[in-house]
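What follows is a single structure, written as structure tokens, with notes after it.
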Amino acid sequence: MAHTKIGGKTLLEIGYPQTPVFRTAMRVMEADFSHLSQEEAIELLKKILADPAAYVDDPVLGTIAEQLLQPVAPPEIELRATPVPYTVYGKDYIEEGAIRQINNAVRLPVAVAGSLMPDAHQGYGLPIGGVLAAENAVIPYGVGVDIGCRMCLSILDLPEHSLYTNEAAYVKELTSHTKFGAGAEWKKREADPVLERSEFKDIRFVRNLLDKAAGQLGTSGSGNHFVEWGIVTITDINNEWNLAPGNYVGLLSHSGSRGMGAQIAGHYTQLAKELCPLPKEVQHLAYLDLDTEAGQEYWLAMNLAGDYASACHHLIHKRLIKATGATLLARIENHHNFAWKEMYQGKEVIVHRKGATPAGKGVLGIIPGSMTAPGFIVRGKGEERSLQSASHGAGRQMSRTKALASITPQELNAVLQEHGVTLIGGGLDEAPGAYKNISTVMASQTDLVEVIGRFIPKVVRMADGGPPED
DNA sequence: ATGTTC
């Protein structure tokens, strides 16, 4: 099926004015008319432009028509003169751009409080590693593009030595039962309750995403996503599962809601920008009022994407556990790109965590290191000053571009060999040297979480990386 | 992050 996208260049050629209608037209065509051919889409847009009045009552095209008839931009929403308070953990290791972004976020009229995690770096809107509590509003870019990006760790009863003596089998199963790459789909589809959810029928925009979601269920995507075998060491005698302290084989995965979540994020960010015109330098922080239809829709779609991401992890783990004949002893999992309704100083707020691990009192989570550095099983301390959050990893110290330019394949191989790690796929932009020291990051958040165990990667699979091949 | 865009 054709997937037509109308770009800005096309709109200019047709004669659309560069007012809010520009963005609206792109979003509506993408959301509801991508099945049309390019010619049909252009024809339709021309007809609306020629006679907007004829389309104002159209439930879908009406927004385009209205904005053509009323081409003046709605007034800009003003930021607070005085920001709400925020805290920063590990300030010495955080780049200036990330600080600037949280500084902007706490000036939103809906902001209640903020916090910056020690792995923070610059992103779109809210920085990665940014936490923001808002009043009755949700910021799509406060959640991020990969809605429900999360960690899942299965602790298994397999003998630790098998990871060394029978590594080839682990490599083989990991290769057969995971799928990586942007757009990756399984040929054979699996049924899952998440695909039966009513949101796929009730929300018009989400309806179009069902087919993609069904094909991508149980895939991992690209970027920093991984599935890996490794050694779990439980250090806390009083752990939640009554596991004897010691070593276990673990399966750890990191991925999100794939194309479906990305489309939801893109769509509702555009919609938020139309409905919530902020000053240009903070426009990515556009928010949706939860009392509006758009806000409610995003909330439902976001939760669906979160559950879908979870189902992806569970399918990956189910297949690998079955393939290795293992028994599941314990599982720890958490979203780190999401928004939750939580209590803050006696009031219900929307807590956005964009690259941050929920760390309410007694809440378990996983904070990964890098492909050669340990990850940590943590128990939250419920620290209010961090909005009950912790870092979601070590955080980058090098951009992808910089890592590709400065780390050599020989260096990557040497560090993998030094740590006894087998890497399937992967690229220089994900090399350990591109990340901060996880020990330093953990040391910056001892008020936020306690460590109850760690995970050392041994067999790692990631998407093929490096510079684009074509 | 996503099979790519103001």
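By convention in this document, chain letters (A, B, ...) are assigned in the order of the sequence lines, proteins followed by strands, and residues within each chain are numbered from 1. Only heavy atoms go into these numbers, but all of them, side chains included; no hydrogens, no water, no symmetry mates. The model shown is predicted, which means the values in this text are computed figures rather than measured ones.
Residues satisfying the side-chain contact (heavy atoms from CB on, under 4.5 Å) criterion with A/A133, sequence neighbours excluded, are A/V112, A/V349, A/V351, A/L387. By the side-chain contact (heavy atoms from CB on, under 4.5 Å) test, A/P457 pairs with A/E228, A/F455, A/V460, sequence neighbours left out. Listed by chain and residue number, nothing satisfies the salt bridge (Lys or Arg N to Asp or Glu O under 4.0 Å) test with A/D58 (two or more places apart in sequence, or in another chain). Residues that satisfy the salt bridge (Lys or Arg N to Asp or Glu O under 4.0 Å) test with A/R197, not counting sequence neighbours, are A/E199, A/D307. Taking A/N103 as the reference, A/Y86, A/I99, A/R107 meet the side-chain contact (heavy atoms from CB on, under 4.5 Å) condition, with sequence neighbours excluded.
In this structure, OH of A/Y124 is placed 9 Å from C1' of B/dT5, rounded to the nearest angstrom. If you take CG of A/N224 and C1' of B/dT2, they are 13 Å apart, rounded to a whole angstrom. Separating the CE atom of A/M29 from the C1' atom of B/dC6 is a distance of 17 Å, rounded to the nearest angstrom. Atom CD in A/Q263 sits roughly 10 Å away from atom C1' in B/dG3 (whole-Å rounding). We find that CZ of A/F180 is positioned 12 Å from P of B/dA1, with the value rounded to whole Å. Put simply, CZ on A/R400 is 18 Å from P on B/dT4, counting in whole angstrom units. Taking atom CD1 of A/I6 as the reference point, atom C1' of B/dC6 lies 14 Å away to the nearest angstrom. In this structure, A/Y308 places its OH atom 17 Å from P of B/dA1, rounding to the nearest Å.
Taking the nucleotide of DNA chain B with the nearest heavy atom to each of A/R258 and A/Q270, the more 5' of the two is matched to A/R258.
Side-chain proximity of A/A182 to B/dG3, B/dT5, B/dA1: nearest is B/dG3. The side chain of A/V145 sits closest to B/dA1 out of B/dC6, B/dA1, B/dT4. Taking only side-chain atoms of A/Q18, from C-beta outward, the nucleotide of B/dA1, B/dT4, B/dC6 with the closest atom is B/dC6.
Using a 4.0 Å heavy-atom cutoff across all strands shown, A/G7 reaches no nucleic acid atom at all. Using a 4.0 Å heavy-atom cutoff across all strands shown, A/N337 reaches no nucleic acid atom at all. Within the nucleic acid shown, A/G223 comes within 4.0 Å of sugar-phosphate atoms alone, with no base atom in reach, counting heavy atoms only. Among the atoms of the strands shown, only primed sugar atoms or phosphate atoms (P, OP1, OP2) are found under 4.0 Å from some heavy atom of A/A262.
DNA chain B lies under 4.0 Å from at least one heavy atom of each of the following residues of residues 212-222 of chain A: A/K212, A/Q216, A/G221, A/S222.
Smallest separation of non-hydrogen atoms from A/I102 and A/V131: CD1-O, 3.8 Å.
Between A/K5 and B/dT4, a side-chain N or O to OP1/OP2 separation shorter than 4.0 Å is absent.
A salt bridge links A/R400 and A/E430; the closest N-O separation between the charged side-chain nitrogens and carboxylate oxygens is under 4.0 Å.
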